[in-house]
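Working notes for the structure below.
What you are looking at is a predicted structure, and each value in this text was computed from that prediction instead of being measured.
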Amino acid sequence: MTATPRTALTIAGSDSGGGAGIQADLRTFFACGVHGLVALTAVTVQNSLGVQGFSEVPVDTVTGQIKAVAEDMGVDAAKTGMLATAEIISAVASTLDDVHIGQSFETPFVVDPVAASMHGDALLREEALEKIRTELFPRATLVTPNLDEVRLLTGVTVTGAESQRDAAKALLEFGPRWVLVKGGHLYDAPDCVDLLSDGTQFVELSGPRHDTENTHGGGDTLASAITASLAKGLGVPDAVADGKRFIERAVAESYALGKGVGPVSPFWRLAH
């Protein structure tokens, strides 16, 4: 009989185009060799041109999914993506405590605070942003915001290395154990430099900036790859380094799909 793989739970919305959200998480978990578990929070109507609408999943159904898989199958690491509303955020936070996931317990928890569109527009109301700050971040082993999400959550506009460090400090004040301030949206910079910090150390992770517009699902894929490595028992710095290597290849091998922005690709891992 085949050995049971480690498990990773994604709590997020779906993407009908298959490139981001739950679909990106499961693609990445599979490519990284962990079994994906799902708690669906919203069903989106979207394609390569953008999101046309979404429907929230009832709160009891969201929390019921988390409890069902955690109590039966066990969760080795978990992450969040799109949580849609303040009510869902609060319920998820409370349920994670019930099933012993988060920095107060042994199961790592990654918060990808999906709060801004690809164009920098807010996707969540202020009350939901406040729930992320006050209820999710204090439970998080790691948070992975992009620069637009940093601005919405902290008010810090990152323009270079110094303000990126300021952003990390501001995020750490909300209580996560580690923060990863992603630098992909500094489009004028020659490289993509992400900053990882726990408040005592600041580690710059530099990677190439690939000439492609097909970056849909990049943030989800990075967070999922990190979560998969945490599920396998790696510490945060090593898991983040693994995730950085994974997303670099996924962006390098992204592909066009539809009339708009195509997805990053985890398929490169399957060729090895």
Side-chain angles (χ1 to χ4, degrees), residues 4-12 20 22 24-38 70 74-81 96 100-114 136-146 149-150 164 167-168 171-172 174-184 192-208 217-252 264-266 268-270 272:
T4 301
R6 294 297 183 96
T7 61
L9 168 65
T10 171
I11 308 165
I22 287 280
D25 295 339
L26 291 177
R27 280 162 38 122
T28 304
F29 289 163
F30 173 78
C32 292
V34 299
H35 180 89
L37 308 170
V38 169
V75 176
D76 292 310
K79 70 171 288 287
T80 57
L96 290 173
H100 295 176
I101 293 173
Q103 66 165 292
S104 297
F105 308 100
E106 293 184 2
T107 303
F109 173 47
V110 176
V111 175
D112 184 19
V114 178
L136 280 189
F137 279 8
R139 292 170 166 82
T141 307
L142 171 71
V143 301
T144 63
N146 64 36
E149 290 155 352
V150 166
Q164 193 174 27
L171 289 162
L172 286 165
F174 296 126
R177 185 171 297 164
W178 292 84
V179 301
L180 181 68
V181 182
K182 298 180 293 190
C192 291
V193 180
D194 301 335
L195 181 66
L196 177 67
S197 180
D198 63 353
T200 61
Q201 53 186 314
F202 293 84
V203 180
E204 291 187 351
L205 299 162
S206 182
D220 301 325
T221 298
L222 173 60
S224 297
I226 294 170
T227 303
S229 291
L230 291 171
K232 293 177 179 179
L234 272 66
V236 171
D238 288 337
V240 170
D242 267 6
K244 179 75 171 177
R245 287 188 288 269
F246 189 93
I247 191 60
E248 285 174 5
R249 288 291 301 274
V251 173
V264 302
S265 176
W268 67 267
R269 178 65 67 82
L270 304 184
H272 300 280

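When every heavy atom of T227 is checked against every heavy atom of A223, the shortest pair comes out as OG1-O, 2.7 Å. Smallest separation of non-hydrogen atoms from S206 and V193: OG-CG2, 3.8 Å. Across every non-hydrogen atom of R27 and P266, the tightest pair is NH2-CD, 3.2 Å. Here the closest non-hydrogen pair linking A250 and W268 is N-NE1, 3.6 Å. In terms of heavy-atom proximity, G175 sits nearest to Q103 at O-NE2, 2.8 Å. Across L222 and I247, no two heavy atoms sit closer than the pair CD1-CG2, 3.9 Å.
Listed by first then second residue, pairs satisfying salt bridge (Lys or Arg N to Asp or Glu O under 4.0 Å) with a partner in residues 224-245 read D194-K244, D242-R245, not counting sequence neighbours.
Remark: A228 pairs with F29, C32, V34 by the side chain to side chain contact (heavy atoms under 4.5 Å, CB included) rule, at least two apart or across chains. When the ring-ring contact (aromatic ring centres under 6.0 Å, His included) test is applied to F137, no partner is found at least two apart in sequence or on another chain. P237 pairs by the side chain to side chain contact (heavy atoms under 4.5 Å, CB included) definition with W178, L196, not counting sequence neighbours. Remark: D220 engages no residue in a salt bridge (charged side-chain N to carboxylate O under 4.0 Å, His left out) (not counting sequence neighbours). Residues meeting the ring-ring contact (aromatic ring centres under 6.0 Å, His included) test with F105, sequence neighbours left out: H100. When the side chain to side chain contact (heavy atoms under 4.5 Å, CB included) test is applied to A167, the partners found at least two apart in sequence or on another chain are V150, V156, V158, V181. Every residue meeting the side-chain hydrogen bond (donor to acceptor under 3.5 Å, both in side chains) condition with S224, not counting sequence neighbours, appears here in chain and number order: D25. Residues meeting the side-chain hydrogen bond (donor to acceptor under 3.5 Å, both in side chains) test with T144, sequence neighbours left out: D112. Applying the side-chain hydrogen bond (donor to acceptor under 3.5 Å, both in side chains) rule to T200 yields the partners D198; only residues at least two apart in sequence or on another chain are considered. Among residues two or more places apart in sequence or in another chain, the side-chain hydrogen bond (donor to acceptor under 3.5 Å, both in side chains) test is passed with R177 by none. Partners of S197 according to the side chain to side chain contact (heavy atoms under 4.5 Å, CB included) rule, which considers only residues two or more places apart in sequence or in another chain, are A168, L172, V179, F202.
Between P113 and L136 there is no side-chain heavy-atom pair separated by less than 4.5 Å. Contact check for F109 versus T80: side-chain heavy atoms found under the 4.5 Å cut-off. In this structure, the side chains of V236 and L230 come closer than 4.5 Å at one or more pairs of heavy atoms.
Distance check, rounded to the nearest 0.5 Å: CG of L26 to NE2 of H35 gives 9.0 Å. R269 CZ to R249 CZ: the interatomic distance, rounded to the nearest 0.5 Å, is 9.0 Å. If you take OG1 on T107 and CG on L9, they are separated by 10.0 Å, rounding to the nearest 0.5 Å.
Checked by atom type and distance alone, the side chain of T7 pairs as donor or acceptor with a backbone atom of D76 at under 3.5 Å. Judged by distance alone, the side chain of R139 and the main-chain N or O of G102 form no donor-acceptor pair under 3.5 Å.
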*Test log, rule side-chain contact (heavy atoms from CB on, under 4.5 Å), inputs L96 and I11*: CA-CA 11 Å; L96 290 173; I11 308 165; 4.0 Å; yes
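Taking a 6.0 Å sphere around CZ of F30, one finds it holds 12 or fewer heavy atoms contributed by other residues, nucleotides or ligands. The number of heavy atoms from other shown groups lying within 6.0 Å of CD (Q201) is above 12.
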